[in-house]
Amino acid sequence: SQKIEQNSEALNIQEGKTATLTCNYTNYSPAYLQWYRQDPGRGPVFLLLIRENEKEKRKERLKVTFDTTLKQSLFHITASQPADSATYLCALPLNAGGTSYGKLTFGQGTILTVHP
Amino acid sequence: NAGVTQTPKFQVLKTGQSMTLQCAQDMNHEYMSWYRQDPGMGLRLIHYSVGAGITDQGEVPNGYNVSRSTTEDFPLRLLSAAPSQTSVYFCASRNTGPKADTQYFGPGTRLTVL
């Protein structure tokens with residue numbers, strides 16, 4: 001079965017630096033990959049989606065890459081701020097193929113702490 | 001729009017009790033789903049629905065039932081609660097169409113089964 005791993009449980013960085021989070025997956029080829037932010041006691045909030053035919057996508061200070069050969073996505077936050085401190089989750093469609101109907105499988109998350 | 005709402009926020013049950021976790025959305029989304037989140041394991045899909053009257057199982061459906069009589073509501077029923085069902089439960093919804101991949105999550109229900 002497919003497996004998704006975020007290889008850092010926690011990441012601590014200084015304000016102003018770039019945070020880079022990694023998501024690896026095995027055993028299938030997803031049509032897209034998503035990144036979410038989750039604050040303590042709250043539900044996940046969608047940030048970005050990148051499709052299998054896209055190498056890179058940007059939104060304000062966020063950048064996501066998707067390497068289908070390495071089966072890896074990198075999530076970057078540039079000029080990081082203490083307000084960026086949260087848990088970041090990557091998610092893939094539960095089934096291979098283009099139609100997932102919103103059925104997702106999630107990584108365990110990376111806790112990012114940005115120190116002033 | 002209120003988005004996705006869930007009630008209750010917190011619940012404590014004894015083993016063997018039953019209860020229903022409520023979920024509603026006011027965005028007219030066809031797709032709705034239930035996830036549970038456990039420490040160190042990420043969110044796991046319990047059940048999902050692609051429209052009123054249509055439901056199917058996700059990764060971890062055992063011990064849970066769902067029904068979808070309206071577009072807005074998607075309740076999750078625990079028939080006989082077990083300590084292994086202690087978790088945080090999230091309901092989510094999304095729209096249809098090839099570009100509509102954003103999932104909207106509710107605030108969650110924290111359930112403890114003693």
Side-chain angles (χ1 to χ4, degrees), chain A residues 1-10 21 23-25 27-28 30-54 57 59 64 66 86-95 97-111, chain B residues 2-7 9-10 21 23 25 27 29-51 54-61 66 68 74 87-110:
Chain A
S1 62
Q2 62 266 30
K3 188 176 178 184
I4 179 170
E5 270 195 14
Q6 294 182 247
N7 60 358
S8 294
E9 191 170 314
L21 286 64
C23 179
N24 295 293
Y25 60 93
N27 294 341
Y28 82 134
Y32 61 84
L33 184 146
Q34 298 182 341
W35 284 90
Y36 289 80
R37 169 182 173 140
Q38 186 175 25
D39 292 289
R42 316 269 313 243
V45 174
F46 172 81
L47 295 175
L48 280 168
L49 178 149
I50 186 165
R51 300 189 186 279
E52 61 182 337
N53 60 350
E54 298 173 317
K57 185 167 269 190
K59 178 182 175 183
V64 173
F66 194 11
T87 297
Y88 291 87
L89 308 168
C90 66
L92 298 169
L94 192 57
N95 302 314
T99 302
S100 69
Y101 302 116
K103 297 181 287 179
L104 299 174
T105 183
F106 283 80
Q108 75 274 29
T110 296
I111 302 170
Chain B
V4 179
T5 57
Q6 292 182 238
T7 56
K9 286 192 186 316
F10 302 93
L21 279 63
C23 174
Q25 52 90 11
M27 297 173 281
H29 287 171
E30 290 296 323
Y31 302 153
M32 295 186 74
S33 47
W34 276 101
Y35 293 83
R36 61 177 288 174
Q37 186 173 33
D38 300 294
M41 295 194 69
L43 284 87
R44 291 180 291 168
L45 181 67
I46 305 171
H47 283 288
Y48 68 94
S49 170
V50 298
I54 307 170
T55 64
D56 206 345
Q57 297 180 349
E59 294 180 275
V60 288
V66 291
R68 184 102 179 267
F74 191 40
S87 188
V88 182
Y89 291 85
F90 291 102
C91 179
S93 73
R94 62 156 277 206
N95 211 339
T96 57
K99 297 292 186 184
D101 287 302
T102 302
Q103 290 259 45
Y104 297 87
F105 282 85
T109 294
R110 185 174 294 273

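Remember, it's a predicted structure, so these values are computed and weren't measured experimentally. Lettering of chains follows the sequences in order, A, B, ..., and the numbering in each one begins at 1.
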**Q** Please name the pair of heavy atoms, one in Phe90(B) and one in Gly43(A), separated by the smallest distance, quoted to 0.1 Å.
**A**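 Heavy atoms only, the tightest pair is CE2-CA, 3.3 Å.
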
**Q** Is it the case that over 12 heavy atoms from other parts of the model lie below 6.0 angstrom from the CZ atom of Arg44(B)?
**A**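 Yes, enclosed.
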
**Q** Restricting to non-hydrogen atoms, name the atom on Tyr35(B) and the atom on Leu104(A) that form the minimum distance, rounded to 0.1 Å.
**A**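 Taking every non-hydrogen atom into account, OH-N, 3.0 Å.
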
**Q** How long is the gap from NZ on Lys103(A) to CD on Gln57(B), to the nearest 0.5 Å?
**A**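 Here the interatomic distance stands at 11.0 Å.
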
**Q** Roughly how far apart are Arg42(A) CZ and Phe105(B) CZ, rounded to 0.5 Å?
**A**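 Separation between the atoms: 14.5 Å.
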
**Q** Are Gln34(A) and Gln103(B) close enough that a side-chain donor and a side-chain acceptor fall under 3.5 Å?
**A**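 Their side chains do not contain a donor-acceptor pair, so the 3.5 Å distance test is not met.
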
**Q** Could you look at Tyr104(B) and say if it's the side chain, the backbone, both or neither that has a heavy atom under 4.5 Å from chain A?
**A**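 Neither part.
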
**Q** With only heavy atoms counted, which part of Gln38(A) is less than 4.5 Å from chain B, the side chain, the backbone, both or neither?
**A**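 Side chain only.
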
**Q** For atom CD of Glu9(A), decide whether the heavy atoms of other residues, nucleotides or ligands shown that lie under 6.0 angstrom number more than 12.
**A**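 Counting other residues, nucleotides and ligands, CD of Glu9(A) stays at 12 neighbours or fewer.
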
